[in-house]
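One structure below.
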Amino acid sequence: METSILFIETEIVPPPITLPSREIGACVEFYGIVRELENEQPLKALEYSVYEPMASQQLARIFDDLSAPHPVRAIVFIHRLGVVPVGEASLFIRIFSAHRSEALAFCSAAIDRMKRHVPIWKRAVLDRVRV
Amino acid sequence: METSILFIETEIVPPPITLPSREIGACVEFYGIVRELENEQPLKALEYSVYEPMASQQLARIFDDLSAPHPVRAIVFIHRLGVVPVGEASLFIRIFSAHRSEALAFCSAAIDRMKRHVPIWKRAVLDRVRV
Amino acid sequence: MLLTLLAFSIAQDQLGFREREIECNTTETPRAILARIAPTLDPTSMRVAVDCEYHDWDTPIGTARELALIPPVSGG
Amino acid sequence: MLLTLLAFSIAQDQLGFREREIECNTTETPRAILARIAPTLDPTSMRVAVDCEYHDWDTPIGTARELALIPPVSGG
């Protein structure tokens with residue numbers, strides 16, 4: 001399983017799709033996008049921070065754990081840091097697998113676990129505050 | 001719910017992502033890709049055909065039905081027709097929703113129903129046959 | 001009444017055509033039409049659609065314009 | 001032994017620093033270290049990590065190099 005884990009300060013640009021083999025039948029991509037309303041407050045942006053060595057290690061382990069029930073061939077994970085304005089992606093995940101069900105289940109489970117265990121934090125940048 | 005359903009004879013190029021509102025929190029994309037091995041035969045390509053008016057109508061109904069349990073904001077559906085070589089996408093789906101779980105569940109259920117009910121057919125183009 | 005009969009995928013292979021105009025009446029069922037046009041074709045191996053909607057083999061076609069033979073689908 | 005104490009997000013706000021070197025010994029637990037450095041901070045509101053692994057508040061840190069205070073995470 002090829003895994004790429006990246007934290008970047010700039011706008012997320014998905015890398016070009018290159019298939020890891022001729023046995024790939026499914027590619028699932030997920031963008032997590034900053035919404036204007038969170039807890040009923042109008043946001044201007046979210047500001048993300050990370051404990052990067054631990055986050056990378058936790059993500060690698062989550063991906064590894066999930067590959068047993070949901071065998072996939074390759075994963076690209078990109079999380080943006082710093083200020084992410086409403087309407088832009090804070091998270092991008094791409095998963096390649098032979099069949100669609102594994103990639104979809106993996107994607108869903110990976111995000112769930114990330115949200116519970118991976119040391120990344122967001123903070124609201126409210127509309128009245130100048131970013 | 002904005003819905004776009006397209007059947008094309010050429011390589012699938014996903015349209016640029018334009019968010020339908022500032023309340024979109026998730027974008028899920030699915031590529032169905034032609035694999036080399038299907039039923040243990042080495043393929044060169046798959047050839048797709050469609051009963052287009054019925055397929056479009058069925059897909060619109062499937063999307064509409066699924067939007068009750070899985071409310072999503074917009075759907076882009078593109079299915080390629082004719083010969084699709086190994087390693088290229090035969091199917092592209094993009095789904096926008098407020099939260100990830102709806103988009104992921106919608107995507108999975110929409111593909112399942114399409115595969116059971118939508119009049120699209122594939123035919124193997126074997127390796128020994130010249131495309 | 002004139003009806004367009006459409007045959008896709010293996011149904012097209014078996015019938016040797018994709019589309020044909022046939023003469024029918026409103027009380028005929030898809031099963032009866034198929035038996036008349038292609039007696040060797042097995043209706044249990046496929047579904048039938050009338051005016052772009054899946055239809056029962058034994059329900060008369062009424063004033064339909066189009067009847068389509070739908071072998072097992074395989075999109076995706 | 002010198003340990004790097006890291007504080008993220010609201011833990012950083014509450015402590016007023018992100019990173020500090022502190023003197024510890026191998027038998028100390030994260031709970032004891034926190035009580036010594038920031039007696040007002042409530043360990044039940046956060047998790048603790050030792051050398052990039054989640055750790056029990058009451059298990060001694062041993063020869064760890066880094067201890068991190070992990071308030072509820074919110075990535076995605």
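In this text the structure is predicted, and so the values were computed from the model without any measurement. First the proteins, then the strands, lettered A, B, ... as listed; each starts at 1.
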State, yes or no, whether a side-chain contact exists between [X] and [Y] at a heavy-atom distance under 4.5 Å.
X        : Y       : result
D:Leu15  : D:Leu5  : yes
A:Leu126 : A:Leu43 : yes
A:Val76  : A:Leu6  : no

Work out which heavy atom in [X] is nearest to a heavy atom in [Y]; give both atom names and the distance.
X       : Y       : result
A:Val50 : A:Ala55 : CG2-CB, 3.5 Å
D:Pro71 : D:Ile10 : CB-CG1, 3.6 Å
A:Ile78 : A:Pro15 : CD1-CD, 4.0 Å

Ring pair (Phe, Tyr, Trp, His ring centres under 6.0 Å): pairs with one or both residues in residues 56-76 of chain D, sequence neighbours excluded
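Passing the test, one end in residues 56-76 of chain D: no pairs.
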Could I get the full list of side-chain hydrogen bond (donor to acceptor under 3.5 Å, both in side chains) partners for D:Thr40, not counting sequence neighbours?
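Scan of D:Thr40 (side-chain hydrogen bond (donor to acceptor under 3.5 Å, both in side chains), adjacent residues dropped) gives none.
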Atom group of D:Pro72 that falls short of 4.5 Å from chain A, counting heavy atoms:
backbone
Give every donor-acceptor pair between chain D and chain A closer than 3.5 Å, one pair per line, or write none.
residue : atom : partner  : partner atom : Å
D:Asp13 : OD2  : A:Arg123 : NH1          : 3.1
D:Arg18 : NH2  : A:Val50  : O            : 3.4
D:Arg47 : NH1  : A:His117 : ND1          : 3.1
D:Arg47 : NH2  : A:Arg116 : O            : 2.5
D:Glu53 : OE1  : A:Arg61  : NH1          : 2.9
D:Glu53 : OE1  : A:Arg61  : NH2          : 3.2
D:Glu53 : OE2  : A:Gln57  : NE2          : 2.7
D:Glu53 : OE2  : A:Arg61  : NH2          : 2.4
D:Tyr54 : OH   : A:His117 : O            : 2.5
D:Glu66 : OE1  : A:Tyr51  : OH           : 2.3
D:Pro71 : O    : A:Trp121 : NE1          : 3.0
D:Pro72 : O    : A:Trp121 : NE1          : 3.3
D:Ser74 : N    : A:Ile120 : O            : 2.7
D:Ser74 : OG   : A:Lys122 : N            : 2.8
D:Gly75 : N    : A:Ile120 : O            : 3.3
D:Gly75 : O    : A:Lys115 : NZ           : 3.4
D:Gly76 : N    : A:His79  : NE2          : 3.0
D:Gly76 : O    : A:Tyr48  : OH           : 2.6
D:Gly76 : O    : A:Ser90  : OG           : 3.0

Output the residues of residues 22-38 of chain D for which the shortest heavy-atom distance to chain A is under 4.5 Å, in residue-number order; output 'none' if no such residue exists.
none
A:Ile120 versus chain D, heavy atoms under 4.5 Å apart: side chain, backbone, both or neither?
both
Out of curiosity, A:Phe77 CZ to A:Phe92 CZ, how far, rounded to the nearest 0.5 Å?
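Nearest 0.5 Å value for the CZ-CZ distance: 11.5 Å.
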Could you state the interatomic distance from CD1 (A:Ile24) to CD1 (A:Ile95), rounded to the nearest 0.5 Å?
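Between atom CD1 of A:Ile24 and atom CD1 of A:Ile95 there are 11.5 Å.
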